[in-house]
Amino acid sequence: DVKVTQSSRYLVKRTGEKVFLECVQDMDHENMFWYRQDPGLGLRLIYFSYDVKMKEKGDIPEGYSVSREKKERFSLILESASTNQTSMYLCASTTLPENTEAFFGQGTRLTVV
Amino acid sequence: GNSVTQMEGPVTLSEEAFLTINCTYTATGYPSLFWYVQYPGEGLQLLLKATKADDKGSNKGFEATYRKETTSFHLEKGSVQVSDSAVYFCALKSSNTGKLIFGQGTTLQVKP
């Protein structure tokens, strides 16, 4: 069974903390994505990576960075967490051909207090 | 850049009613189009897809046709059930970059 695993389901962090969200996939996929999901705004792309050490900004990269040192792992970093980064964060992975579906993790509900 | 626009929800229907959720897109090249569904408390999962113009994707009684002339990919179901209550997301995947872009999501509530 294919799997995308996010390291935490729920996180509570303080304002100003550095936060790491981890995502691991076991399908040898080239592309990996980080989205945030907010009511009424849908899924907004933060960053995506199309290869190891390669990344591209999405629509809302401000306040975030990413790391992809190994093909199976894609990390999202909040350099200094703020309350407006309280959200549901979703990781996804997919292969290169445009007709292939993406697989999603269960999501991490992050609350910044 | 590429974008996806969905009709705003929530959509509330009675069981056995006909469902349409509108989705239009803007894209360069020849993207593939997808509908994903998120049931309460669960992650996103693929509902159906279409990879080229005039293709029809179908699954679990849902259908959507890739219309290049109107840049649309509307989701339809002839008779909804309470178990179809969920959030539905339209998405496109770029043929150039593999980038996956989603619409805003439409919440469907089906009442018995």
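Below, read A as the first sequence line, B as the second, and so on, with proteins coming before strands; counting in each chain starts at 1.
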K.L.:
If you count heavy atoms of other groups shown closer than 6.0 angstrom to OH of A/Y10, is the number above 12?
P.N.:
no
K.L.:
Is there a continuous path of hydrophobic side-chain contacts, each under 4.5 Å between heavy atoms, that joins A/L45 to A/I77?
P.N.:
no
K.L.:
Are B/F34 and A/F104 an aromatic pair by the rule of ring centers under 6.0 Å?
P.N.:
no
K.L.:
Quick one: what part of A/E30 sits under 4.5 Å from any heavy atom of chain B, side chain, backbone, both or neither?
P.N.:
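Answer is neither: A/E30 stays 4.5 Å or more from chain B.
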K.L.:
Kindly compute the distance separating CD (A/Q106) from CG (B/L44), expressed to the nearest 0.5 Å.
P.N.:
10.0 Å
K.L.:
Could you have a look at B/K52, B/Q45, B/Q38 and say which one has the most heavy-atom pairs with chain A under 4.5 angstrom?
P.N.:
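Most heavy-atom pairs within the cutoff with chain A belong to B/Q38.
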K.L.:
Report, as yes or no, whether the 6.0 Å neighbourhood of atom CD on B/E8 holds more than 12 heavy atoms from other residues, nucleotides or ligands.
P.N.:
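No, not enclosed.
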K.L.:
Please classify the contact between A/F48 and chain B as side chain, backbone, both or neither, with a heavy-atom cut-off of under 4.5 Å.
P.N.:
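The side chain, not the backbone.
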K.L.:
Is any side-chain heavy atom of A/T94 closer than 4.5 Å to a side-chain heavy atom of B/L100?
P.N.:
no
K.L.:
What part of A/L41 gets within 4.5 angstrom of chain B, counting heavy atoms only: side chain, backbone, both, or neither?
P.N.:
backbone
K.L.:
Can you tell me how far the NZ atom of B/K99 sits from the CZ atom of A/F33, to the nearest 0.5 Å?
P.N.:
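One gets 9.5 Å once the value is rounded to the nearest 0.5 Å.
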K.L.:
Using the rule that two of Ile, Leu, Val, Met, Phe, Trp, Tyr join whenever any of their side-chain heavy atoms come within less than 4.5 Å, decide whether B/V110 and B/Y88 are in one cluster.
P.N.:
yes
K.L.:
Heavy-atom count check: over 12 atoms from other residues, nucleotides or ligands less than 6.0 Å from B/E16 CD?
P.N.:
no
K.L.:
Tell me whether B/F102 shares a hydrophobic cluster with A/I60, the cluster being built from Ile, Leu, Val, Met, Phe, Trp, Tyr side chains joined at under 4.5 Å.
P.N.:
no
K.L.:
Grab the two heavy atoms, one from A/T100 and one from B/K49, that are nearest each other, plus how far apart they are.
P.N.:
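Looking at all heavy atoms of both residues, the shortest contact is CA-NZ, 4.3 Å.
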K.L.:
Hey, which of A/G40, A/G107, A/G42 has the most heavy atom pairs under 4.5 Å with chain B?
P.N.:
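Most heavy-atom pairs under 4.5 Å with chain B: A/G42.
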K.L.:
Between A/F74 and A/M88, is there shared hydrophobic-cluster membership here, with clusters defined by ILVMFWY side-chain heavy atoms closer than 4.5 Å?
P.N.:
no
K.L.:
If only atom types and distance count, is the side chain of B/Y36 paired as donor or acceptor with the main-chain N or O of A/A102 below 3.5 Å?
P.N.:
yes
K.L.:
Taking A/Y47 as the starting point, is it possible to reach A/V24 by hopping between hydrophobic residues whose side chains are less than 4.5 Å apart?
P.N.:
no
